[in-house]
Amino acid sequence: MIFIAVRFPVRPEYRDQWLDRVADFTAATRAEPGNLFFEWSVDAADPNRFVLLEAFASPEAGVEHVNSTHFKTAMSWMPDVVAATPDIINVEAQGQGWSKMAEITPRG
């Protein structure tokens with residue numbers, strides 16, 4: 001799978017709007033046949049930075065995502081909302097999604 005982590009530093013005046021602004025992009029990406037997950041969170045160290053964790057079943061699925069209309073639409077408005085160029089990690093990993101962590105299981 002292709003695993004991608006992106007940190008989006010958002011201008012403070014757009015912070016409260018970010019998740020609404022990416023809602024259509026998120027829904028469309030999650031509907032892609034090759035998408036395994038596409039999850040947003042707020043960075044605990046910086047409330048103006050959002051973290052996106054996403055994965056695609058194959059390199060080809062990742063290419064289809066980047067070539068999609070919803071990706072291109074998001075890329076067209078995001079430069080007006082981000083405070084700096086996002087940081088990204090993009091790697092190929094074994095598996096097809098999340099695995100269970102071996103070191104922790106619920107007690108009782």
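The CZ atom of Phe3 sits 9.0 Å away from the CD atom of Glu54 when rounded to the nearest 0.5 Å.
The minimum heavy-atom distance between Gly97 and Leu36, with the atom names listed, is N-CD1, 4.0 Å. Heavy-atom minimum distance, Pro86 versus Pro9: CA-CD, 4.0 Å. Across all their heavy atoms, Gln94 and Met1 have their closest contact at O-CE, 4.0 Å.
Val66 shares a hydrophobic cluster with Ile2, Ile4, Val6, Phe8, Val10, Tyr14, Trp18, Leu19, Val22, Phe25, Phe38, Trp40, Val42, Phe50, Leu52, Phe56, Phe71, Met75, Trp77, Met78, Val81, Val82, Ile88; the chain of contacts runs through ILVMFWY side chains whose heavy atoms sit under 4.5 Å apart.
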Residue pair Asn35, His65: steps toward the side-chain contact (heavy atoms from CB on, under 4.5 Å) verdict: CA-CA 8 Å; Asn35 181 257; His65 170 64; over 6 Å; no

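Applying the ring-ring contact (aromatic ring centres under 6.0 Å, His included) test to residues at least two apart or on different chains, the pairs with a partner in residues 88-108 are Phe37-Trp98. Listed by first and then second residue, the salt bridge (charged side-chain N to carboxylate O under 4.0 Å, His left out) pairs that reach into residues 7-34 are Arg7-Asp87, sequence neighbours excluded.
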